[in-house]
Amino acid sequence: MNAAPLTDLSRLCVHTVTTRPWSLEESSEQFARAGVKGITVWRDALAGRDPAQAGQRIRDLGLSIVSLCRGGFFAAATADGRRKAIDENRRAIAEAAALGAPLIVLVCGAVAAQPLAESRKQIAEGIAALLPDCASTGIRLAIEPLHPMYADDRSAVNTLRQANDMVESLRSAHVGVAADVYHLWWDSELEAEIARSGRLGALFAYHVCDWRTPTTDLLNDRGLMGEGCIPLRTIRAWVEAAGFRGYNEVEVFSSRLWATNQSDYLRDITAAYLGHT
Ligand code: ZN
């Protein structure tokens with residue numbers, strides 16, 4: 001079963017990293033002009049700015065701030081390293097609150113020299129330590145499982161099942177998942193686990209792009225929707241069947257596309273959104 005084609009841009013969100021050559025100001029102005037409705041702000045794009053003022057400028061353009069990317073990296077070899085990670089996430093929560101972003105996406109972290117199960121334990125403890133900050137600010141946290149090729153040093157959470165298990169064990173309305181097709185499309189349990197996220201009320205975000213063959217770089221060779229093999233309309237049907245009505249967030253890291261004219265590229269993004277997402 002495929003989802004019906006998208007006929008307008010009302011649920012289109014673009015991540016600032018997708019058009020990385022542009023500043024936060026240029027991204028938000030260009031997105032608004034192109035009819036994009038939502039923006040996910042990466043912390044590097046926000047650096048050096050007052051988050052409250054930046055948030056107001058973005059809203060004045062008519063854009064919704066969907067999330068702040070990213071927090072996480074809880075796993076560390078030492079207790080001091082884990083404490084520092086929690087402090088950094090507290091700063092991210094304060095930043096999201098000032099910006100007016102309701103959600104922080106978590107890339108949870110991993111340490112290559114320790115077992116993945118140990119990293120997952122540290123991740124759960126790190127998130128648990130942040131729950132009082134979430135309660136006082138209302139900011140929610142989305143665990144984003146990453147493709148297993150990043151299990152060495154980026155995330156020990158590699159499947160949606162693992163993320164859902166963590167959400168269940170943490171038992172907080174402030175903790176859910178971000179489902180990113182790039183990381184999850186290969187998983188035979190994906191349909192069932194998306195449905196489970198829905199039942200948990202935990203499907204907080206949905207990220208789209210495509211998987212290119214061959215992929216020439218583990219990080220920065222994502223494709224625009226339609227350039228690869230991910231069954232985007234099938235996965236969106238599962239996400240919508242799970243009750244998700246939020247933004248379809250275009251998150252593309254691509255050295256190839258960053259090297260192109262970003263205005264032309266933004267036109268390609270809206271066309272790929274309508275044609276292939
Ligand atoms: Zn993502």
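Numbering of ligands and ligand atoms starts at 1, following listing order.
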Below 3.5 Å, can you tabulate the donor-acceptor pairs from side chains in residues 140-147 to any protein atom, sequence neighbours excluded?
from: E144; atom 1: OE2; to: H207; atom 2: ND1; distance (Å): 3.0
from: H147; atom 1: ND1; to: M149; atom 2: N; distance (Å): 3.0

- request: Taking 2.8 Å as the upper limit, name the protein N, O or S atoms near the Zn ion (ligand 1).
  value: E144 OE2, D180 OD2, H207 ND1, E251 OE1

query: Is the cationic atom of R11 (NZ for Lys, CZ for Arg) positioned less than 6.0 Å from the six-membered ring centroid of Y247 and within 45 degrees of its normal?
result: no

- prompt: Any idea how Y150 and H183 line up, ring-wise: parallel (<30°), tilted (30 to 60°), or perpendicular (>60°)?
  reply: perpendicular

- request: State which residue, out of V167, L160, V177, fulfils the side-chain contact (heavy atoms from CB on, under 4.5 Å) condition with L203.
  value: V177

- request: Determine, step by step, whether R120 and L116 satisfy the side chain to side chain contact (heavy atoms under 4.5 Å, CB included) criterion, reporting the C-alpha distance in whole Å, the side-chain angles of both residues, the deciding distance to 0.1 Å, and the verdict.
  value: CA-CA 6 Å; R120 283 195 284 274; L116 290 168; 3.8 Å; yes

task: Step by step, work out the side chain to side chain contact (heavy atoms under 4.5 Å, CB included) result for W185 and D180.
output: CA-CA 8 Å; W185 68 277; D180 184 322; over 6 Å; no

